[in-house]
Amino acid sequence: MKLQFTKMQGLGNDFMVIDGVNQQVRLSTSTIRQLGDRYFGIGFDQLLLVEPASRADIDFSYRIFNNDGGEVEQCGNGARCFARFVHDKGLSLKKEIAVETARGVIYPRLEDDGNVSVNMGVPQFAPQEIPFIADSDLIIHPLDIDGVSFAISVVSMGNPHAVQVVADVDVAPVASIGPKIETHPRFPAKVNAGFMQIISRDEIRLRVFERAAGETLACGTGACAAVVAGIRRGLLNPRVRVHTHGGELTIAWAGGSAAVWMTGPAVSVFDGTINLQGEEYAA
Ligand SMILES: N[C@H](CCC[C@H](N)C(=O)O)C(=O)O
């Protein structure tokens, strides 16, 4: 069976985007893993599935799978690519759409300058997927790894993030400590591990060891979580430029129950068709 897809990237965080509105798509975990393989498959950090809305006040449903095949709650760079995709494919004529994810509704908006802005919803500090947090007002928690205590902030953007401040992201222990934070027993659903360097109150550098994907060139929800943590710690202003290996995002948060706004690029790389074996996919 043939499956149409578009390869896209947001600051080098790359995606396989599939139209599940005009195609009936059923992909097993193992098939997603095979498709995500950068040598034997297409290769991507996440697979994004566009599905019909589940109710009248929503334009689309948005499902996200890491390249290990596991479904997750949110993907920020993917949300911008999702909006670009549905517009380019004529699935919607709207500039701003309402998109339902596993953890609430987000609102991507196509900007005239070619960027995409997304209302990413309200950050959570004591969500159920992070039972770790005893006191939701505490923004810094000690996390013990091999006898060393790391001061981390835990923020959920729908998906869980553990963010710490480092002096220099270029020499931060992302490869060695990132996986140990990701799989720390205090995070039963695992966690994305962020390493944030404060340049000024308006500018940070960020690296993220993503849950189930490893270090990516950029992480949209990670940028949201890092800025929220920095603002709550009194280190950042309400609008911050976030420098990642893949490029720059702008994140804004007014605090409290305000939504986090993320602005950045979304790029289509190529359209493709892949032959799926068996019953996994029916046109
Ligand atoms: N690895 C993440 C999902 C993708 C998030 C990232 N690519 C983004 O742009 O937000 C998780 O397991 O929660």
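Residues: numbered from 1 along the sequence shown. Atoms within a ligand are numbered from 1 in the order they appear, just like the ligands themselves.
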Yes or no: does [X] have any heavy atom under 4.0 Å from an atom of ligand 1?
X	answer
C219	yes
N66	yes
T216	no
Q74	yes

In the protein, what heavy atom is nearest to [atom], and what distance, to one decimal place, separates them?
atom	value
atom 7 (N) of ligand 1	N13 OD1, 2.8 Å
atom 2 (C) of ligand 1	N192 OD1, 3.3 Å
atom 10 (O) of ligand 1	T221 OG1, 2.6 Å
atom 9 (O) of ligand 1	G220 N, 2.8 Å

Which ligand 1 atoms, with their elements, are less than 4.0 angstrom from a heavy-atom of [X]?
X	value
N77	8 (C), 9 (O)
G76	8 (C), 9 (O), 10 (O)
V72	3 (C), 12 (O)

Do [X] and [Y] have a side chain donor and acceptor closer than 3.5 Å?
X	Y	value
N119	E96	no
T263	S117	yes
D271	T6	yes
N159	T221	yes
S54	E100	yes

(message) Is it the case that ligand 1 has an N or O less than 3.5 angstrom from some N or O of E210?
(response)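 For ligand 1, there is an N or O atom that lies under 3.5 Å from one belonging to E210.
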(request) Run through V166, V208, L206 and flag the one making a side chain to side chain contact (heavy atoms under 4.5 Å, CB included) with F195. (result)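 Of the listed options, the one satisfying the test is V166.
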(request) Return the set of residues passing salt bridge (charged side-chain N to carboxylate O under 4.0 Å, His left out) with D59 (not counting sequence neighbours), or none when no residue passes. (result) K94
(request) Tell me whether M262 is reachable from Y107 by hopping between hydrophobic residues (I, L, V, M, F, W, Y) whose side-chain heavy atoms are closer than 4.5 Å. (result) no
